[in-house]
Amino acid sequence: MPKTLSNQLVDHLFRHESGRMVAVLLRIFGMHHLEMVEDVVQESFIKALQSWKISGVPDNPSGWLMQVAKNRALDILKQKKNRATILENLPSPGLGATTIERLFHEQEISDSQLQLIFACCHPALKEEDQIALTLKTVSGFSVSEIANSLLIKPDAIRQRLHRAKKFIAENGMTMEIPAGKELLPRIQPVLTVLYLLFNEGYNSTTNEEIIRRDLCAEAMRLTKLLVEHQVGKGTPAPALLALMCYHAARFDARIDEEGQIILLQNQDRSKWNRQLMAVGHHYMKMSTDIKPVTSYHLEAAIACEHCMSPDFQSMDWNRLIKMYTYLYEIKPTPIVKLNLLVVYIQNQDFPIAEKILTELKEDDFPGKEYLYHSVVSEFYFKNGNQKESTHYLNLAISYCQNPTEKRMLQKRLSARC
């Protein structure tokens, strides 16, 4: 009996498969055919929508989509009017069906994602454009998701994407997969992409599901490949992987049986994955000799501090204040300052917390204004100002886009009223 088609399924498949399909097709045709490749991928999903409405969803929808993409790639190669031009510009001469079969193999697809991240992080592009292009092309992020990840407005992301694609087209850039000495200059934006990929999975800004384990697992897999590659030696990649392990270790305690968020202070720490914490310790130790100290080192150290504390009440808030202060020195972003404010509030250092609060404003958090208002609400709640606390909590609820987080905020409001 045919399966029922749903918009949720198509959206899920697009988010999971489009990046991999783009990665493979760009390996075939080259980065200078980016616009054409994006069209081919879009066509595959349109065809799925049309076909599945009639015949139902196939047993293996991912495989079906990949087969359509493969057949479309072969069709383009066989078109006489395009064949000469395409073959002339292919990354490897003589690319034919055998190579295409190999590229569409599952393991090759996975590996080519990391390769494509390096390719998109081309040093000729501005670093901010590299990151936007990679998140859009390889990870399938929407413009709003990229904007939320970087705490900037969507229009700025559209400009970066347009600028990157225009630069690639006008300069005839092949964006071939780099190797050897070409890899190291690209390592910083690559690490940024992997960090943002994990963050979106750890705290999804647009999905009903607050944790997207698939994104987190993919970010961890790619980071592990980087750590084990020669280019990862001497870089903060192990510290980034340690950070991911510490966060992932707490997944099972973050969400209750009804899919609702459990705040850190209320989590059952017996559900934290000790084995994954141990893996985090391993990579943290591996990163200790890497200089200079980076934001990944400090964020991993902060996450480790949470993991090592037997309970929330035993947290060493003074130690966390020192680490967040150091983190802000090397990564002076509004979100780091907001986290520093949270720690001062927990430590009941209200005069300093109030000073930090005056240095922050709603406009510092485009797309994540609810976080700012939620923390401000907590500040007033801890100070006994119920009226202001309620005001800012209502603002947080009005800005929050994720349904799960919004329910958590509404539950908090109900408990305090």
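One-based numbering along the sequence shown. If you're wondering where the values come from, they're calculated on a predicted model, not measured in any experiment.
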- In sequence, state the C-alpha distance, the side-chain angles, and the governing distance for Tyr326 and Glu329, and then conclude on side chain to side chain contact (heavy atoms under 4.5 Å, CB included). CA-CA 5 Å; Tyr326 189 10; Glu329 289 178 5; 3.8 Å; yes

Inspect the surroundings of [atom1] in [X] and state if more than 12 heavy atoms from other residues, nucleotides or ligands are less than 6.0 Å away.
{"X": "Lys47", "atom1": "NZ", "answer": "no"}
{"X": "Lys331", "atom1": "NZ", "answer": "yes"}
{"X": "Gln313", "atom1": "CD", "answer": "yes"}
{"X": "Gln386", "atom1": "CD", "answer": "yes"}

Task: Salt-bridge contact Arg163-Glu128 (side-chain N to carboxylate O under 4.0 Å) - done: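 A salt bridge links Arg163 with Glu128.
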
Original post:
Is the backbone of Cys307 close enough, under 3.5 Å, to the side chain of Arg269 for a donor and an acceptor to pair up by distance?
Top reply: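 Such a contact is absent between Arg269 side chain and Cys307 backbone.
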
Between Met244 and Leu240, is there a side-chain heavy-atom distance shorter than 4.5 Å?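 A side-chain contact exists here, since the closest heavy-atom pair is under 4.5 Å.
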
*asked:* Taking the side chain as everything from C-beta on, heavy atoms only, tell me whether Leu320 gets closer than 4.5 Å to Met315.
replied: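 In short, these two side chains touch, coming nearer than 4.5 Å.
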
- Shortest non-hydrogen contact from Lys153 toward Ala147: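 Nearest heavy atoms, Lys153 then Ala147: C-CB, 4.0 Å.
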
Applying salt bridge (Lys or Arg N to Asp or Glu O under 4.0 Å) to Arg212 and Asp214, what does each step give before you reach the verdict? CA-CA 5 Å; Arg212 294 191 56 199; Asp214 57 319; 3.4 Å; yes

If the condition is side chain to side chain contact (heavy atoms under 4.5 Å, CB included), which residues does Lys166 pass it with, not counting sequence neighbours?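 Lys166 satisfies side chain to side chain contact (heavy atoms under 4.5 Å, CB included) with His162, Glu170 only.
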
is_close_aromatic(His306, Tyr246), centroid dist under 6.0 Å:
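No; Tyr246 has its ring centre 6.0 Å or more from that of His306.
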
(request) Taking the six-membered ring of Tyr202 (Phe, Tyr or Trp), confirm whether the NZ or CZ of Arg250 is under 6.0 Å from its centre and within 45° of its axis. (result)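 Not flagged: Arg250 not positioned over aromatic ring of Tyr202.
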
Exercise for the section: Decide whether a cation-pi geometry holds between Arg416 and Phe381; the criteria are a distance under 6.0 Å from NZ or CZ to the six-membered ring centre and an angle within 45° of the ring axis. Expected result: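 So Arg416 does make the cation-pi contact.
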
Parallel, tilted or perpendicular for Tyr372 and Phe365, by the 30°/60° rule?
->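 Tyr372 and Phe365: parallel rings.
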
